[in-house]
There are 2 protein chains.
Amino acid sequence: MTQRGNSTINDVARLAKVSKKTVSRVINKSSLLSEKTRQHVEKVIEEIGYVPNPQARALALRRNFVIAVIHDNPNAQFLVSVQKGILEGIKGTEFGLMVQPVDRNSPTIEKEIKDFLERQRPYGVVLLPPISDNDALAELCASYGTRYVRMASVELDTPEHMVTSNDRAPVHEAVSYLIEVGHKKIALVEGPKGFISAAERRAGYEQAMADAGLEVEPWMIEPGSYTFESGVTAGLALLDGKTRPTAVFVSNDEMAIGVMIAARRRGIEIPRGLSIVGFDDTPLSSHVWPALTTVHWPIVDMARSAALKLISGPGEIPIEETSLSSSLIKRDSVVGPPEN
Amino acid sequence: MTQRGNSTINDVARLAKVSKKTVSRVINKSSLLSEKTRQHVEKVIEEIGYVPNPQARALALRRNFVIAVIHDNPNAQFLVSVQKGILEGIKGTEFGLMVQPVDRNSPTIEKEIKDFLERQRPYGVVLLPPISDNDALAELCASYGTRYVRMASVELDTPEHMVTSNDRAPVHEAVSYLIEVGHKKIALVEGPKGFISAAERRAGYEQAMADAGLEVEPWMIEPGSYTFESGVTAGLALLDGKTRPTAVFVSNDEMAIGVMIAARRRGIEIPRGLSIVGFDDTPLSSHVWPALTTVHWPIVDMARSAALKLISGPGEIPIEETSLSSSLIKRDSVVGPPEN
DNA sequence: TTGTACGCGTTATCAC
DNA sequence: GTGATAACGCGTACAA
């Protein structure tokens, strides 16, 4: 088969007996063109199967059509949701999506990102949590003239550079819900130290407890790292402690599943013996037994919004997505506390 | 902050009082250079913070440094594993990874891919199942001079264009294992019609049954679509049937989790009441209760191998990854059949 | 070992 | 409306 895309704008110009610029105008749908010329040129383009070379365009325009997501996040569902959202955002445009993982704990993280930026020069990047809270990385992007948007649970930057979810309020709602159905001994499994989202979710928990006049005792709080295993560990610690909680808010779904497993190991039935609320609303959460009550986190929407912010011109502010609020999804992992 | 990467090779040449070509040689580490000149030029590069423009390079070299994964696969864990493998394969190179989803059921799938190829002109693409079995799509890539590698369960193309896993043998092993521990009424939950992997896994099942002199009766086979929900449906159908299986091989983990849920709904304990074997060995499979016995599918290795095939020159054949065989991971979802 | 001149395929300028 | 001509920034023959 003859290889496509081997003809250039010059070939078209020659065959159509017009100038390169005219062909360029046809391609870019310039309005200053006689209908006759346009049709003629389009016919030639069609005939020889010409397609513009994106690399040459990128050079001439001094920009390419690539946006990248830079992350240090091992959670598969989260990553795919983000990619889905960004792809929705750039759908119908010329943009494509690149993915670049980095190592948060590496001392060379800045160099990793630098290298990536230099090698690919994406038009824009979206920074995912937890590395999105690193100001130095954002500045690094800026120093290359690369547009960036940061996804986080707190406003860390100017609005044009941020897509923010409010984690605190929905967690407050979730914990309040536990309190409403009668729980008093409500534990918290935290996210990793240093993660903004972890701090926000903890704040929501503490606030809800305080608002209800419930004291948060030290044994009620277990550390976690957003992984399944850490959820199991935290769950076991909670269940093996002197005092047992009757309910627990777990800072993400994956850990919540871990807590469920821990409960099973101790022969505790959920939700009778322990009510659980998670955070994220990953597909997983409805695939376990019992289905997990959790906070829906609008990752896809956030990612779409981020993409739109990146590709929209400086003037045209994208319509603010108003549905970026999280909400409590009530399923089967919560009931009132056991009588006693 | 002054913006990086705004200086060009000409600036360096002028300041260093050498020619562009000499600078180019320094960048590309040509050996034909006096050490003195090299150091001098490198100093200037350092001073003005010059970094080569990748778009210009791409134009001059007539190739960019992007490889893309094209897929129509909704499974998050699978996608992320593939991305991980590819990224491992291109680590240390100049390549970056793009992601392009397409709609398998859309009549315009060829156009979608065409548009993507024209817009981005990746150096190479890896085609994931199930669309990897579409010869027309592979030819499409070839017609643009884009290198491609197809991931599948069967050799569909020449070795340079294929990364293949053998699904049949490990499924045979898995079902044989069920037979060994005493099961006779072993059901199969199939993958979607038309998927090569589904057919291969079914073949492995049937062969194992035949080898053991066990007959596969019609009620033993339930359709599925690789989704959790279809697993629940298939599981219920199996359990509500006239005859109940004592074990079931489920063609992927997600459906296997669905079958587990179905069993719970019917009050059947796993593995006592029903032994289950899955396929994939996703992290999920060890996060459920009981932990799922399953077939480990070396997706990451396959993807890495695919990337290496793409970026290696026509001469240098990459070392064949020998560890691309799947293997049975025994966990807790299988015991012998109940006595009777 | 280094430099000159030109090509890569497109867009932008500015005159016609 | 249209067309020469010059960027855009880097790589490569070929010459020196």
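Proteins get letters first, then strands, A, B, ... in listed order; numbering begins at 1 in each.
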For DNA chain D, the residues among residues 20-30 of chain A that have a non-hydrogen atom under 4.0 Å from it: A/Lys20, A/Lys21, A/Thr22, A/Arg25
Non-hydrogen side-chain atoms of A/Arg121 and B/Val51 separated by less than 4.5 Å: yes
Sugar-phosphate, base or nothing in reach of B/Leu59, heavy atoms under 4.0 Å: base
Any side-chain heavy-atom pair of A/Val125 and A/Leu117 under 4.5 Å: yes
Distance in angstrom units between A/Ile9 CD1 and C/dA12 P, rounded: 11 Å
pair B/Phe78-B/Ile299: side-chain heavy atoms closer than 4.5 Å: yes
Between B/Gln83 and A/Gln83, a side-chain donor and acceptor under 3.5 Å: yes
DNA chain C contacts among residues 34-41 of chain B, heavy-atom distance under 4.0 Å: B/Ser34, B/Thr37
Check: B/Tyr144 main-chain N/O paired with B/Glu118 side-chain donor or acceptor under 3.5 Å: no
A/Arg57 side-chain N/O to C/dT11 phosphate OP1/OP2 under 4.0 Å: yes
First and last nucleotide of DNA chain D, 5' to 3', lying under 4.0 Å from heavy atoms of chain A: D/dG1 to D/dG9
Beyond-backbone contact of B/Ile86 with B/Leu310, side-chain heavy atoms, under 4.5 angstrom: no
Heavy-atom check, side chain of A/Ile9 versus side chain of A/Ser24, under 4.5 Å: yes
Given DNA chain C, 5'-ward residue of the pair B/Leu61 and B/Lys17, judged by closest heavy atom: B/Lys17
Test item: B/Ile311 and B/Phe95 side chains (from C-beta on) under 4.5 Å apart, heavy atoms: yes
For atom CZ of B/Arg62 and atom C1' of C/dT10, their distance in whole Å: 14 Å
Nearest-Å distance for atom pair CZ/P, residues A/Arg14 and C/dT10: 13 Å
Side-chain heavy atoms of A/Arg57 within contact of A/Asn28, under 4.5 Å: yes
Spacing of A/Ile45 atom CD1 relative to C/dT10 atom P, expressed in whole Å: 10 Å
Bend angle of the helix from C/dT1-D/dA16 to C/dC16-D/dG1, from helix axes over five pairs at each end, nearest 10°: 30°
Sugar-phosphate, base or nothing in reach of A/Pro52, heavy atoms under 4.0 Å: sugar-phosphate
Parallel, tilted or perpendicular, as decided by the 30° and 60° cut-offs, for the rings of B/Phe195 and B/Tyr226: perpendicular
side-chain hydrogen bond (donor to acceptor under 3.5 Å, both in side chains) against A/Ser34, all qualifying residues, sequence neighbours excluded: A/Thr37
Side-chain heavy-atom pair A/Leu137, A/Arg150 within 4.5 angstrom cut-off: no
side-chain hydrogen bond (donor to acceptor under 3.5 Å, both in side chains) against B/Glu46, all qualifying residues, sequence neighbours excluded: none
